[in-house]
Amino acid sequence: MEKALTRAEVDVVVVGSGPGGATVARHLAQAGKRVILLERGTDHRERPYYGTHLGALIYADRGGLLFTEEGLNIVRPLMTGGATNMFTGSAARPPQWLKQKYGVDVDVEVEETIKELALDRLPDDALGERSTRIMEAANSLGYDWQPLMKFMRPSHTARFDCGAKCMLGCRCGAKWTANEYVDDAVAAGCELMTRARVDDLIIEGRRVGGVRGKMGRSARFEIRAGVVVLAAGGIGTPIILQNAGFFEAGHGMAMDTTTIVYGTSKYGGISSEPPMSVAYTDDDNGYMLSTLIDPWLLYPMINVLKGIKYPFTWFNYGKTMGMMIKIKDELSGGVSLEGRVSKPLTPRDRYRLNHASIVARKILVRAGCDPDSVFVGPLRGTHPCATVRIGEMLDQNLRTEVENLYVCDASCFPESLDRPTVLAIIGLGKRLGEHLLQDVLGGAASGGPAMPPVD
Ligand SMILES: Cc1cc2nc3c(=O)[nH]c(=O)nc-3n(C[C@H](O)[C@H](O)[C@H](O)COP(=O)(O)OP(=O)(O)OC[C@H]3O[C@@H](n4cnc5c(N)ncnc54)[C@H](O)[C@@H]3O)c2cc1C
């Protein structure tokens, strides 16, 4: 039986607590606005399974078995903090074309975030011995690899032990996640509702009036708000928009399509070293390379997709080096109702993947991998994005054609970033928060905490 309708009324409702939603909610709550943050997952951080393989099964969409129609595996964490729970903590400034081609300038917000979170490359002795070896091998071949800026703060923990397992969730406390911004927002008076899945929008004439959805399995809720910010991620946001009648949402997407090239080395593997501590970007050919290997149990599971013999390479896991390829993929496929995703590779995508694979193989062999052991793993996607694009469905302030309805997450990228996304998303969130304060809500605090839901 359906439970009672829960109603509330606030200044702003933010949907999704990943880096996009958490940043906007925090900014507005700290300015005294009445904000409700709705998150379809829950907070697993204090659970004993957080940061384990079991945990990843629990908070990844469909237990990690989300695939595109073409068979590409998508990792999509659904919990407070969104995908940053499972991200590798890499940071990159947004590409210059975002400003030059689309007029979206987040330089100030990005630099402020780098300072605020003390983002930096890891010190030399924390990069990892074998990762450093790979970087040196690459440099000796003429590829300019460098340590990557990280959302990892070795000084925040007594025991910095970042390795491949960081992608299950950080247990040592060094990795920043968007949960920190969610906590800040709540401390400033934002009301966080978890297990609250938004399904539809209330639209009155040309203006947004709020959102509707379900709490848990059956209780329905309706939140009325002057401003709605959708930040449910590259898959979640277009689904909500489609339900509300935006037929262009989710038509075409980017994924920064990814694979890992593996090889066995007598010098040992990289599983206990921080993921993506060193990297290389080839903007001309449209890809990024960095050091990465899956956590030990995921390694054989994912490589089953490559072919029956590949899971058995697990016996060499301790000696395996991995190099991740992330390509700047073209817009294709998209998201359709019920979250079905299609992401076919275009001929250009295939060319880029092959180009990058050849370079990765050369570097791994130079770093000491047995040439016969090198293979390219299955394709996957960790950056579903560009489904509600700036310049098409959104203006430069991230507003839709409906008044006071905004989008602030990876879905608003106009094209694939082909690099870590989170720093850019935080920049967009801060910029949107400030725009809403200055131009939409008025700078003054609303006074008082968010109104509690009324049954
Ligand atoms: C394994 C992995 C490694 C990665 N490594 C890096 C990295 O090193 N550096 C980097 O910058 N990026 C990395 N990324 C990508 C990065 O984490 C994502 O691009 C980023 O988190 C996207 O932010 P977002 O705000 O768009 O959405 P998300 O982080 O996906 O957050 C969306 C939130 O909305 C919630 N939601 C969805 N639908 C609804 C709904 N209907 N109602 C309410 N809530 C909803 C979800 O539960 C989720 O919490 C990685 C991602 C993965 C999966």
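Counting starts at 1 for both ligands and their atoms, in listed order.
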Side-chain donor-acceptor contact under 3.5 Å, [X] with [Y]:
X: Glu273; Y: Ser131; answer: yes
X: Asp409; Y: Ser411; answer: yes
X: Ser342; Y: Glu70; answer: yes
X: Thr313; Y: Tyr299; answer: yes
X: Asn179; Y: Asp43; answer: no
X: Tyr50; Y: Asn85; answer: yes
X: Ser416; Y: Asp418; answer: no
X: Ser332; Y: Lys343; answer: yes

Looking only at protein heavy atoms, which one is nearest to [atom], and how far off is it?
atom: atom 18 (C) of ligand 1; result: Thr421 OG1, 3.5 Å
atom: atom 22 (C) of ligand 1; result: Ile425 CD1, 3.6 Å
atom: atom 53 (C) of ligand 1; result: Val75 O, 3.5 Å
atom: atom 41 (N) of ligand 1; result: Val198 O, 2.9 Å
atom: atom 9 (N) of ligand 1; result: Ser90 O, 2.8 Å
atom: atom 52 (C) of ligand 1; result: Thr382 CB, 3.5 Å
atom: atom 2 (C) of ligand 1; result: Met86 O, 3.4 Å
atom: atom 14 (N) of ligand 1; result: His383 NE2, 3.3 Å

Best match, [options]: closest heavy atom to [atom]:
atom: atom 32 (C) of ligand 1; options: Cys385, Ala232, Gly89, Gly429; result: Ala232
atom: atom 20 (C) of ligand 1; options: Pro19, Gly233, Gly18, Ala410; result: Pro19
atom: atom 28 (P) of ligand 1; options: Gly339, Gly213, Ala83; result: Ala83

What part of [X], side chain, backbone, both or neither, has a heavy atom within less than 4.0 angstrom of ligand 1?
X: Ile240; value: side chain
X: Ala196; value: backbone
X: Thr88; value: both

For [X], is at least one N or O under 3.5 Å away from an N or O on ligand 1?
X: Phe87; result: no
X: Met167; result: no
X: Arg40; result: yes
X: Leu78; result: no
X: Gly20; result: yes
X: Glu39; result: yes

What atoms of ligand 1 come closer than 4.0 angstrom to any heavy atom of [X]?
X: Val15; result: 42 (N), 43 (C)
X: Gly82; result: 29 (O), 31 (O), 48 (C), 49 (O)
X: Met79; result: 47 (O), 49 (O)

Parallel, tilted or perpendicular: ring planes of [X] versus [Y], cut at 30 and 60 degrees:
X: Tyr310; Y: Phe375; value: tilted
X: Tyr102; Y: Trp97; value: perpendicular
X: Tyr181; Y: Trp176; value: perpendicular

query = Regarding Arg352 and the six-membered ring of Tyr287, is the cationic atom NZ or CZ under 6.0 Å from the ring centre and inside 45° of its axis?
reply =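 Pair Arg352/Tyr287 does not count as cation-pi.
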Closest heavy-atom pair and its distance - Glu330, Asp349 =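 Of all heavy-atom pairs spanning Glu330 and Asp349, the closest is N-OD1, 3.0 Å.
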task = Report yes or no: does Thr259 contribute a side-chain atom to a donor-acceptor pair with the main-chain N or O of Gly377 at less than 3.5 Å?
result =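 Yes.
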